[in-house]
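Chain letters run A, B, ... following the sequence lines, proteins first, then strands; residues in each count from 1.
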Amino acid sequence: MHNINYIRENPTEFDNFMKSRGENPIANKIIEIDKEKRETQTVLQNILAERNLLSKNIGKLKSEKKDARTEMAKVEDLKIKVNSLKELETLKDDELNAILSRLPNIPDLSTPVGKNEDENTFYREWGEKPSFNFAPKLHFEIGENSNLMNFEIASKLSGSRFVILKGQLSKLERALANYMLEKHTSVNGYIEIHVPYLVKASTLYGTGQLPKFAEDLFQAGDDHWLIPTAEIPLTSLYSNEILHVSQLPMRVTSYTPCFRSEAGAAGKDTRGMLRQHQFTKVELVSLVEPEHSNDELERMLNCAEGILQDLDLHYRVMTLCTGDMGFAAKKTYDIEVWLPGENKYREISSCSNCGDFQARRMNTRYKNNDQNTHIHTLNGSGLAVGRTLIAILENYQTPDGNVKIPEVLKKYFDNEKNLF
RNA sequence: GGAGAGAUGGCUGAGCGGUUGAAAGCACCGGUCUUGAAAACCGGCAAGGUGGCAACACCUUCCAGAGUUCGAAUCUCUGUCUCUCCGCCA
């Protein structure tokens, strides 16, 4: 949610930012409604003040056993005015919120301006593309050949975009999640949290998925929604609360399934387990003081990259442009891992600084020297486990259809060399 | 699922129709004292908003929503959540 004072004071700048994110100019409309709302408020408050005064007087007169009928009649008259003004104020407030709640965050000044993913910019890379003296297979070819990855059974049970992993592949998924969690908790200073996978609509509003992106989500019952990422419960941990400055930075992590309808991705990445309705992810979330959020984003990115480095997987980091960034983000880095079977880089992590955008929506503040300020929130994948599994299959495959086990994961596999 | 109790400021907790935005304690902040700290003592300390250059004034908020009343933290209804007991159960 946006700071209305900022829009009031910088309408042109605000519109320019919104334009860079593909929105139409709206600041004037906002200011107009806001003005009407405040004017209504002022009149209403004056009448309420008058009413309060009269009521107090009535109390005094009654306790002195005096007649208060004149005063009571006056208050009765005011009531009609109060009700209609209250109605008008609510109307204006709703109008304002309907607009504000659907506008994306203002991009950071260092976020490149651009229309779509083609204008994302290269930030850095690590490692090199591995070379193969055979044609590297796609992850689902390796998986299906091993009989440990099955899409048909999954679709029989649940329809398209689901997968079943068996035996060593299922274990690989578990080993990866374990490795990531251990690293983030024991080395990177994140606290592991076990969170609900179902959340209320108000929680999704706080992080920005609702009201605008309901179609991307699975709803389960009247007010229960499956989380599309652990970012939602983790970021919302302290919604409507005032933290003490000594509690910051707060770094939390969680390994959860994620559920996405993939409504806008019909026909996209239909083969394999790259884009599923359900996948698992280790998520990183930081709650920090505003002046530290830029540094925290770099730190978080390093934590996510660290996992890929440990697994010796080549990747590049892209800075998303204004047109490609998510709704709540000010700045986002995508980590794209190299997939030799596809001969492509593919997103495996996305790290975002959301500034105070989510904190305003969910009302999370911190107290420092008697000052209450909205915190800054950051989230990042550290990493998407399913896609990491894909990357390992494709990068560690051998000509005979086997897959070498990365050094750091061997401890989960009795020091075996190969997966199959 | 059945029966009952409850939800008040950062926390604990009083208030149960009218100067109560709310006692008291803890925590926190400032001061006195001390070589320093602790203790003790003194003072301050809810959030959001409107108007105002400001000082400041006013409004709203005691889980949420609706209602009764001239007036609601206090009464009524609905919802949500928490706790206790019983049943069921991973």
Side-chain angles (χ1 to χ4, degrees), chain A residues 1-9 30-97 99-101 194-206 210-211 219-225 233 236-248 250 257 287 289 356-375:
Chain A
M1 187 69 87
H2 293 286
N3 182 352
I4 186 82
N5 288 324
Y6 166 78
I7 302 175
R8 249 183 241 155
E9 283 157 27
I30 292 172
I31 289 170
E32 188 194 313
I33 300 171
D34 175 56
K35 197 177 162 218
E36 287 168 359
K37 178 190 142 190
R38 280 155 59 213
E39 280 168 2
T40 311
Q41 229 168 10
T42 307
V43 178
L44 174 64
Q45 288 183 2
N46 287 337
I47 294 177
L48 287 174
E50 196 183 337
R51 186 198 68 180
N52 291 347
L53 218 64
L54 283 164
S55 285
K56 242 177 215 179
N57 226 320
I58 293 168
K60 209 181 276 174
L61 289 170
K62 288 232 167 179
S63 68
E64 293 165 7
K65 299 251 162 30
K66 286 183 185 157
D67 179 55
R69 264 179 291 181
T70 334
E71 283 76 6
M72 281 163 76
K74 272 189 200 162
V75 177
E76 190 82 53
D77 279 349
L78 290 178
K79 225 162 142 182
I80 303 153
K81 274 196 213 165
V82 167
N83 285 340
S84 68
L85 282 167
K86 265 190 187 164
E87 237 166 77
L88 185 62
E89 194 204 357
T90 311
L91 189 81
K92 290 295 158 192
D93 204 38
D94 290 350
E95 245 178 89
L96 199 59
N97 282 331
I99 297 172
L100 287 176
S101 65
H194 181 78
V195 296
Y197 305 153
L198 289 169
V199 295
K200 299 190 288 182
S202 58
T203 308
L204 287 156
Y205 176 86
L210 292 179
Q219 190 169 4
D222 284 347
D223 195 29
H224 281 137
W225 302 68
S236 309
L237 245 25
Y238 297 95
S239 59
N240 291 312
E241 296 198 39
I242 301 173
L243 293 160
H244 190 261
V245 63
S246 62
Q247 291 174 271
L248 304 176
M250 175 94 66
L287 310 181
E289 291 180 76
D356 65 5
F357 187 79
Q358 294 178 318
R360 280 182 188 281
R361 291 173 82 99
M362 66 177 71
N363 197 24
T364 308
R365 291 159 296 167
Y366 78 102
K367 194 182 276 290
N368 189 19
N369 294 328
D370 280 337
Q371 271 271 321
N372 294 326
T373 315
H374 289 106
I375 58 158

For A:Lys92 and B:rG49, give me the distance from atom NZ to atom C1', rounded to whole Å. 19 Å
Nearest whole Å is fine: how far is B:rA57 C1' from A:Glu50 CD? 16 Å
What integer number of Å spans the C1' atoms of B:rC53 and B:rA57? 15 Å
Find the partner of B:rG17: check Watson-Crick (N1-N3 plus N6-O4 or O6-N4) and G-U wobble (N1-O2, O6-N3) distances, both under 3.5 Å, and reply none if neither fits. none
Hey, are A:Asp93 and A:Lys37 close enough for a salt bridge, meaning a charged N less than 4.0 Å from a carboxylate O? yes
Are any of the side-chain nitrogens in A:Lys74 or A:Glu71 under 4.0 Å away from the carboxylate oxygens of its partner? no
Give me the distance, rounded to whole Å, that separates B:rG18 from B:rC75 when you measure between the C1' atoms they each carry. 14 Å
Quick one: A:Asn83 CG to B:rU69 C1', roughly how many Å, whole number? 13 Å
Can you check the distance between B:rA5 and B:rU76, where both ends of the measurement are the P atom (answer in whole Å)? 13 Å
Could you tell me which nucleotide pairs with B:rG1 by Watson-Crick or G-U wobble geometry, both distances under 3.5 Å, or answer none if nothing does? B:rC86
Identify whether any heavy atom of A:Lys367 sits under 4.0 Å from a base atom; if not, whether one sits that close to sugar-phosphate; answer base, sugar-phosphate or nothing. sugar-phosphate
When the C1' atoms of B:rA73 and B:rA7 are compared, how many Å lie between them, rounded to an integer? 12 Å
Please classify the nucleic acid contact of A:Leu48 as base, sugar-phosphate, or nothing, using heavy-atom distances under 4.0 Å. sugar-phosphate
Do A:Tyr238 and A:Arg365 make a side-chain contact, defined as non-hydrogen atoms from C-beta onward lying under 4.5 Å apart? no
Which whole-number value in Å describes the distance from A:Gln45 CD to B:rG48 C1'? 11 Å
For the side chain of A:Ser55, counting heavy atoms from C-beta on, which of B:rA47, B:rG71, B:rC59 is nearest? B:rG71
Any donor-acceptor pair under 3.5 Å joining the side chain of A:Gln41 to the base of B:rG51? no
Result for 5'-nearest mapping on RNA chain B, choosing between A:Arg51 and A:Gly59, is A:Gly59
Once rounded to the nearest 0.5 Å, what's the spacing between atom CE of A:Met362 and atom CG of A:Leu237? 9.5 Å
Could you tell me how far apart A:Glu89 (CD) and B:rG48 (P) are, to the nearest whole angstrom? 17 Å
Base partner of B:rC81, which must satisfy Watson-Crick or wobble distances under 3.5 Å: B:rG6
Distance check, C1' atoms only: B:rG6 and B:rG15, in whole angstrom units. 16 Å
Distance check needed: B:rA27 P versus A:Ile242 CD1, whole Å only. 19 Å
Using a 4.0 Å heavy-atom cut-off, does A:Asn52 contact any base of the nucleic acid, only the sugar-phosphate backbone, or nothing at all? sugar-phosphate
Want to settle it: does A:Ala49 or A:Arg365 sit nearer the 5' end of RNA chain B, counting the closest nucleotide to each? A:Arg365
Euclidean distance for P, B:rG36 against B:rG31 (whole angstrom): 13 Å
Considering every strand shown, what is the Watson-Crick or G-U wobble mate of B:rA55 when both distances are under 3.5 Å? none
Searching all strands shown, indicate the nucleotide that pairs with B:rA73 (Watson-Crick or G-U wobble; both distances under 3.5 Å). none
Check every atom of B:rC70, B:rU50, B:rC59 against the side chain of A:Arg38 and return the nucleotide holding the closest atom. B:rU50
Nearest-angstrom distance, C1' atom, B:rA55 to B:rU20: 27 Å
Scan A:Arg69 against the nucleic acid and name what it touches under 4.0 Å (heavy atoms): base, sugar-phosphate only, or nothing. nothing
Which base sits across from B:rC28 as a Watson-Crick or G-U pair, both distances under 3.5 Å? B:rG44
How close or far is atom P of B:rA47 from atom CZ of A:Arg360, stated in whole angstroms? 16 Å
Gap between atoms CG and C1', on A:Asp223 and B:rC81 respectively (whole Å): 13 Å
State, with a plain yes or no, whether a side-chain heavy atom of A:Arg361 is found less than 4.5 Å away from one of A:Ser101. yes
When the P atoms of B:rA27 and B:rC11 are compared, how many Å lie between them, rounded to an integer? 15 Å
Separation of A:Thr373 OG1 from A:Leu243 CG (nearest 0.5 Å): 11.5 Å
Could you tell me the Watson-Crick or G-U partner of B:rU34, where both distances fall under 3.5 Å? Say none if there is no partner. none
Under 6.0 Å between ring centres, would you say that holds for A:Phe357 and A:His2? yes
Taking OP1 and OP2 of B:rA47, is either one under 4.0 Å from a side-chain nitrogen or oxygen of A:Asn372? yes
